[in-house]
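Single-structure report; data block below.
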Amino acid sequence: MSESKTHKVLQADPEVEARVGELLGKLTLGEKIGQMSQWSAGWQPGVLDEQARGAAESGMAGSFLNASGELRNELQRKALQTRLGIPLIFGRDVIHGYRTIFPIPLGQAASFNPELAEQGSEVAAREAASQGIDWTFAPMVDIARDPRWGRVAEGGGEDPVLASSMGAAWVRGFQGEDLRAPERLAACAKHYVGYGAAEAGKDYNTTEISERTLREVYLPSFKACVKAGAAT
């Protein structure tokens with residue numbers, strides 16, 4: 001991807017920015033907190049917690065997890081009927097496919113084929129976006145070197161060069177050249193720099209990372225995703 005295309009993804013639309021500024025000026029403190037809140041629609045199709053539904057109706061939700069299709073449309077209608085009519089953002093863990101399922105990210109990384117991985121993410125984005133999903137929590141680019149850690153499967157391997165190449169490819173596949181296109185998803189480089197260094201294979205466990213290791217091992221893959229234009 002050329003630098004110009006990368007910058008196109010990152011550039012803000014002045015009209016959108018002006019509208020955002022206008023809305024921020026009108027939001028109460030409570031509404032601002034609400035816009036920063038993310039609710040889950042649960043895992044059971046078509047079933048929504050009443051508290052979550054109330055948040056959408058009152059403008060006290062900014063985004064929803066796991067809501068697609070008709071449920072997503074219902075929630076969006078409720079959000080648009082609130083005082084300021086700010087639309088919801090709908091996110092989902094579209095990790096290695098949506099309707100069409102591809103190999104796990106670690107398996108894709110083992111192919112050493114970023115171009116193919118990019119094509120897979122493009123298909124996933126098209127399928128997920130057709131169900132009203134705006135945002136995916138992928139790619140996972142944590143460097144993980146302890147196979148006991150269960151999240152190893154989500155990432156691009158233990159080598160920073162490979163993980164960087166795959167991460168950037170996944171971002172390009174999800175977002176394309178123009179994130180405003182209806183068949184694209186906003187990507188999210190996750191989980192957090194150094195998260196994959198958790199000791200003893202225990203999730204959220206302690207880590208011990210020197211600055212040199214941080215810069216040589218754990219930061220490059222996140223930097224590559226940022227350079228590729230990752231929206232979040």
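In what follows, residues are counted from 1 in the order of the sequence shown.
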Handout entry: Pair Arg53 + Glu57, salt bridge at N-O below 4.0 Å
Key = no
Handout entry: Check ion pair Glu22-Arg19 (N to O, under 4.0 angstrom)
Key = yes
Practice task
Nearest 0.5 Å please: distance from the CZ atom of Phe137 over to the CG atom of Leu185.
Solution key: 11.0 Å
Problem - Min side-chain heavy-atom separation Gln51-Trp39 under 4.5 Å - result: yes
Handout entry: Nearest-0.5 Å distance that lies between atom CD1 in Ile33 and atom OG1 in Thr28
Key = 8.5 Å
Fill in the blank from the handout: Asn205 meets the side-chain hydrogen bond (donor to acceptor under 3.5 Å, both in side chains) criterion, sequence neighbours left out, with none
Handout entry: Thr100 and Glu127 side chains, donor-acceptor separation under 3.5 Å
Key = yes
Handout entry: Within 6.0 Å of CD in Glu70, more than 12 heavy atoms from elsewhere
Key = no
Practice task
Kindly give the heavy-atom pair with the smallest separation between Pro147 and Val152, and that separation in Å.
Solution key: CA-CG2, 4.3 Å
Practice task
To the nearest 0.5 Å, tell me how far Glu154 CD sits from Met140 CE.
Solution key: 4.5 Å
Exercise for the section: Answer whether the closest heavy-atom distance between the side chains of Arg184 and Arg126 falls below 4.5 Å. Expected result: no
Practice task
Give the minimum heavy-atom separation between Ala124 and Phe174, together with the two atoms involved.
Solution key: CB-CE2, 4.3 Å
Handout entry: side-chain hydrogen bond (donor to acceptor under 3.5 Å, both in side chains) contacts touching residues 187-197 (sequence neighbours left out)
Key = Asp93-Lys190, Asp142-His191, Arg151-His191, Arg151-Tyr195, Tyr195-Asp203
Exercise for the section: Pick out which of Glu115, Glu122, Glu118, Glu177 makes a side-chain hydrogen bond (donor to acceptor under 3.5 Å, both in side chains) with Arg172. Expected result: Glu118
Problem - Donor + acceptor pair across side chains of Ser63, Gln38 (<3.5 Å) - result: yes
Handout entry: Distance in Å, Ser164 OG paired with Leu219 CG, rounded so as to fall on 0.5 Å steps
Key = 10.0 Å
Handout entry: Selection residues 128-140 - residue pairs positive for side-chain hydrogen bond (donor to acceptor under 3.5 Å, both in side chains), sequence neighbours left out
Key = Trp135-Thr232
Handout entry: Matching residue for Ile86 among Val20, Leu23, Leu80 - test: side-chain contact (heavy atoms from CB on, under 4.5 Å)
Key = Leu23
Practice task
Locate the shortest heavy-atom distance separating Leu75 from Ala56; write the atom from each residue and the value.
Solution key: CD2-CB, 3.8 Å
Exercise for the section: List the atom of Ala117, the atom of Met166, and the distance in Å for their closest heavy-atom pair. Expected result: CB-CE, 3.5 Å
Exercise for the section: Could you tell me which non-hydrogen atom of Phe90 sits nearest to which non-hydrogen atom of Gly132, and how far apart they are? Expected result: CB-O, 3.7 Å
Handout entry: Heavy atoms from other residues, nucleotides or ligands near CD of Glu15 exceed 12 (cutoff 6.0 Å)
Key = no
Fill in the blank from the handout: Closest non-hydrogen atoms of Gln76 and Leu88, given as atom of the first, atom of the second and distance, are OE1-N, 2.7 Å
Practice task
Would you check if Arg92 and Tyr98 make a side-chain contact, meaning some heavy-atom pair closer than 4.5 Å?
Solution key: yes
Exercise for the section: Using a 4.5 Å cut-off on heavy atoms from C-beta on, say whether the side chain of Val217 contacts that of Arg212. Expected result: no
Fill in the blank from the handout: Which of Gln175, Gln108, His96 passes side-chain hydrogen bond (donor to acceptor under 3.5 Å, both in side chains) with Trp170? Answer is Gln108
Handout entry: Heavy atoms of other groups near Arg145 CZ, more than 12 under 6.0 Å
Key = yes
